[in-house]
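Here's the structure we're looking at; comments come further down.
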Amino acid sequence: MKSFNGKILALLLQIPRGKVTTYTALARAAGSPKAYRAAGNACNKNPNSPQVPCHRVVSSNGKIGGYARGTKRKIELLEGEGIKISEGKVVDFEKRLFSFE
DNA sequence: GTCGTGACTAGCC
DNA sequence: CGGCTAGCCACGA
């Protein structure tokens, strides 16, 4: 019995390295396309610990958005996976965007 | 059962 | 282009 929160975390695990997703996509994959806010909550609370790549989640416009441990930290992690960040936004966001199908 | 909160988004000025 | 408001959802107390 996975809560909405649990689904979000599971979806994050599906994201391959070097790719990113949006809160809207997560919410949609979780079953509630309008729950983008709740999706952010799931990561923010992040009951799973750093085992979940919550840093691979960005805003719908490709912006980094935020990060519980600091947006700066999030950028560093993304760059470590090969994703470039410019002015707090993902470079080639559309190309890096991952689909859950 | 009700209220408050949040890593959001879209629209309007 | 920048800032503000309103609407939406799920979870915790």
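Letters A, B, ... mirror the listed sequences (proteins, then strands); counts begin at 1. Only heavy atoms go into these numbers, but all of them, side chains included; no hydrogens, no water, no symmetry mates.
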Using atom [atom1] of [X] as one end and atom [atom2] of [N] as the other, report the distance to the nearest whole Å.
| X | N | atom1 | atom2 | answer |
| --- | --- | --- | --- | --- |
| A:Asn41 | C:dA10 | CG | P | 11 Å |
| A:Lys45 | C:dC9 | NZ | P | 16 Å |
| A:His55 | B:dA7 | NE2 | C1' | 14 Å |
| A:Asn46 | C:dC11 | CG | C1' | 15 Å |
| A:Asn61 | B:dA10 | CG | P | 8 Å |
| A:Ile8 | B:dC8 | CD1 | C1' | 12 Å |
| A:Leu78 | B:dA7 | CG | P | 17 Å |
| A:Ile85 | B:dA7 | CD1 | P | 19 Å |

With the side chain of [X] defined as its heavy atoms from C-beta on, choose the nearest nucleotide among [options].
| X | options | result |
| --- | --- | --- |
| A:Tyr67 | B:dA7, B:dG6, C:dC11 | B:dA7 |
| A:Ala35 | B:dA7, B:dC8, C:dA10 | C:dA10 |
| A:Tyr36 | B:dA7, B:dC8, B:dT5 | B:dC8 |

Spacing of [X] atom [atom1] and [Y] atom [atom2] [to the nearest 0.5 Å]:
| X | Y | atom1 | atom2 | answer |
| --- | --- | --- | --- | --- |
| A:Leu78 | A:Lys74 | CG | NZ | 7.0 Å |
| A:Lys84 | A:Ile75 | NZ | CD1 | 14.0 Å |
| A:Arg28 | A:Tyr36 | CZ | OH | 14.0 Å |
| A:Glu81 | A:Arg96 | CD | CZ | 10.0 Å |
| A:Ile64 | A:Ile83 | CD1 | CD1 | 8.5 Å |
| A:Thr71 | A:Lys63 | OG1 | NZ | 8.0 Å |

With a 4.5 Å heavy-atom cut-off, do [X] and [Y] have their side chains touching?
| X | Y | result |
| --- | --- | --- |
| A:Val58 | A:Phe93 | yes |
| A:Val52 | A:Cys43 | no |
| A:Thr21 | A:Leu26 | yes |

* Asked: Looking across every strand, which nucleic acid part, if any, lies under 4.0 Å from A:Phe4 by heavy atom: base, sugar-phosphate, or nothing?
  -> sugar-phosphate
* Looking for any heavy atom pair under 4.0 Å, which part of the strands does A:Lys74 touch: base, sugar-phosphate only, or nothing? ->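 Base, at least one base atom sits under 4.0 Å.
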* Quick one: which of A:Ile15, A:Leu12, A:Val90 gives a side-chain contact (heavy atoms from CB on, under 4.5 Å) with A:Arg56? ->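 Exactly one pass, corresponding to A:Ile15.
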* Structure fact -> Here DNA chain C, pairs taken as Watson-Crick or G-U under 3.5 Å and shown with ( ), [ ] when crossing and | when to another strand, reads .||||||.|||||
* **Stepwise side-chain contact (heavy atoms from CB on, under 4.5 Å) check, A:Leu9 with A:Asn46** => CA-CA 8 Å; A:Leu9 301 171; A:Asn46 202 351; 4.0 Å; yes
* **OP1 or OP2 of B:dA10 under 4.0 Å from side-chain N/O of A:Ser60** => yes
* For DNA chain C, determine which residues of residues 86-101 of chain A have any heavy atom closer than 4.0 angstrom to one of its atoms, and list them numerically. => none
* Could you identify which residues of residues 17-34 of chain A place a heavy atom less than 4.0 Å from some atom of DNA chain C, listed by residue number, or say none? => A:Ser32, A:Lys34
* To do: Consider only side-chain N and O atoms of A:His55 and A:Glu76, and report whether a donor and an acceptor are under 3.5 Å apart.
  =>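 No, no side-chain donor-acceptor contact under 3.5 Å.
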